[in-house]
Amino acid sequence: MKSKGKVLVIDDNEDVLITSKVVLRHHFEGVFTLTHPNLVPQLDDFSSFDVVLLDMNFRQGATSGKEGMLALKDLLVLNPEAHIIMMTAFGDIHLAVRAMKEGAIDFIVKPWDNERFLATVNSVYKLKCSRRKVKELESKTKNLNYVLNQKSDQLIGSSTAMNELHRIINKVADTEANILLLGENGTGKELVAREIHKLSHRRNEAFIPVDLGAIPHSLFEAELFGYTKGAFTDASEDKAGRLEMAEKGTLFLDEIGNMDIGLQAKLLSVLQNRQVVRLGSNKPIPLDIRLICATNMPLHKMAEERSFREDLLYRINTVELKLPPLRERIADIEELCTYFIKLYASKYQRNIKAIEPNAMKSLKAYNWPGNIRELQHLIERAIIMSESEMLTKEDFMLRELREENLPQVLNLEQLEKNAITLAIQKHDGNLSKAAKELGLGRTTLYRKMEKYGL
């Protein structure tokens, strides 16, 4: 069975080129020949050759090996990772040793025994494959170190909305279903994704988050699909993409609504074929990942407007979860505050353990447009600036109470939306009590919440 390797033979003797090609072509996918090393720069991709056989002499009657040594150095400049076997007709062991000190992997004495010749080439090819694999693993490990070692926050909350979210997470976590997380900025979509991964059978493998909104368009493909050395100007080495890094684990694509329509097609192809091809390569790499995506954008509407591929949307949302904003889970604010106070009091070495009741009342009355992320930043700042052992209302810089946040309008639909919002807030996210106060049935309330995006 042929290997997928490529071999290049460089010799000025036509008989040597023909013989080597006959011997090697039954064992390697590609065997190429050149009559002089000066022709190497004309090749499309010298770095693609797994093994290079290089003669020591290229002038009639030359025996010093000087040309071969110079050519060896030049080829290693072109590709420092080239695996080169030197060929000499004179069996000069000192010359061969010198060549290996200069970077050659092995040497062959001409005329050769075909079995020994083939064994030497096969041995160097296997060494090349082994080194490539080690380098890929090192690259993957290096890229994973940061991701695997970072500590994630907890998914906090025991409100009705959060209990329902936990129930669904527990139901879908250990399946292979692709998950789409929808919700406003700051609602904790990555935390939910990590929780799903932690509860899945892939928990001992990598969780790879990718913020698609933070990657420049020009780097999208390189970051997601990886690249080979020389694929573009700055590609100085092979690098695994985020898809490869998530092998056997979970890939979390945040802000997927920001993905360019052309790249959506490429991602869809990867998900359908379960394989990825690095930039600069045509070799497909099998892929086994669990996909979780997130966005705050209206993907269904975008699909109708053809700014997001409908077939990709169907592929990524086997299960769709909508995360509640903080204003719909007011009952969780005290628990969240306790967690963040403990976190930042320890970080900044402050003896602060609680929030005064009046301050807590103000926090619960606020609209939280920035959701949990805003609450987190607000408490961190308060911990830093406070001069007492309890956080007071003055330690927080709330822009306005949420009742005052509602615009003074006479539009009936807007008034209805505002009334529903206030009722939900007043009852700390308890939809049964909110529906009762509004004089609505729960089903009607759900329908109106869906209508107004609440």
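Just so you know, these numbers come straight off a predicted model, no measurement behind them. Along the sequence shown, residues carry numbers from 1. In what follows, every heavy atom counts, from backbone to side chain, and hydrogens, waters and symmetry copies are set aside.
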Can you see which heavy atom on [X] is nearest to which on [Y], and at what distance?
X: A177; Y: T318; result: CB-CG2, 3.9 Å
X: I256; Y: C293; result: CD1-SG, 3.5 Å
X: E255; Y: G213; result: CB-N, 3.8 Å
X: N178; Y: R315; result: ND2-O, 2.9 Å
X: R202; Y: E176; result: NH2-OE1, 2.6 Å
X: L253; Y: L212; result: CB-CD1, 4.1 Å

Legend entry - Geometric cation-pi criterion K239 and Y227, 6.0 Å radius, 45° cone: no
Inset, instruction - Kindly determine whether E305 and H300 satisfy side chain to side chain donor-acceptor pair (under 3.5 Å), including the steps that lead there. - result: CA-CA 9 Å; E305 297 170 349; H300 292 281; over 6 Å; no
Answer yes or no: does atom [atom1] of [X] have more than 12 heavy-atom neighbours from other residues, nucleotides or ligands under 6.0 Å?
X: R350; atom1: CZ; answer: yes
X: K198; atom1: NZ; answer: no
X: D113; atom1: CG; answer: yes
X: Y348; atom1: OH; answer: yes
X: E115; atom1: CD; answer: no

Is the shortest side-chain heavy-atom distance between [X] and [Y] below 4.5 Å?
X: I85; Y: T120; result: yes
X: S200; Y: R290; result: yes
X: V277; Y: I285; result: no
X: L375; Y: W368; result: yes

Kindly say whether [Y] contributes a backbone atom to a donor-acceptor pair with the side chain of [X] at under 3.5 angstrom?
X: H197; Y: E205; answer: yes
X: T187; Y: G183; answer: no
X: S346; Y: K342; answer: no
X: N163; Y: S158; answer: yes
X: R327; Y: N371; answer: no
X: T19; Y: D15; answer: yes

So, are [X] and [Y] salt-bridged, with charged N and O less than 4.0 Å apart?
X: E380; Y: K347; result: yes
X: K229; Y: E237; result: no
X: K322; Y: E184; result: no
X: E102; Y: R98; result: no
X: D288; Y: K248; result: yes
X: K110; Y: D11; result: yes
X: R278; Y: E244; result: yes

Legend entry - Rounded distance (nearest 0.5 Å) linking atom OG1 of T228 with atom NZ of K283: 11.5 Å
Legend entry - Rounded distance [0.5 Å steps], CG in L53 versus CD1 in I84: 10.0 Å
Could you list the donor-acceptor pairs under 3.5 angstrom formed by side chains in residues 165-173, with sequence neighbours left out?
from: R167; atom 1: NE; to: E164; atom 2: OE1; distance (Å): 3.2
from: R167; atom 1: NH2; to: E164; atom 2: OE2; distance (Å): 2.9
from: N170; atom 1: ND2; to: H166; atom 2: O; distance (Å): 3.1

When the ring planes of [X] and [Y] are compared, do they come out parallel, tilted or perpendicular, using 30° and 60° as the limits?
X: H36; Y: F58; value: tilted
X: F46; Y: F49; value: tilted
X: F28; Y: Y125; value: perpendicular

Inset, instruction - For side chain to side chain contact (heavy atoms under 4.5 Å, CB included), just list the numbers for N185 and R373, CA-CA rounded to whole Å, side-chain angles, deciding distance to a tenth of an Å, and then say yes or no. - result: CA-CA 8 Å; N185 286 334; R373 189 177 297 136; 4.1 Å; yes
Inset, instruction - Mind running side chain to side chain donor-acceptor pair (under 3.5 Å) on D332 and S159 for me, showing each step along the way? - result: CA-CA 6 Å; D332 293 327; S159 63; 2.7 Å; yes
Inset, instruction - Using the side chain to side chain donor-acceptor pair (under 3.5 Å) rule, take Y339 and E335 through it: C-alpha gap first, then chi angles, then the decisive distance, then the call. - result: CA-CA 6 Å; Y339 173 77; E335 192 175 348; over 6 Å; no
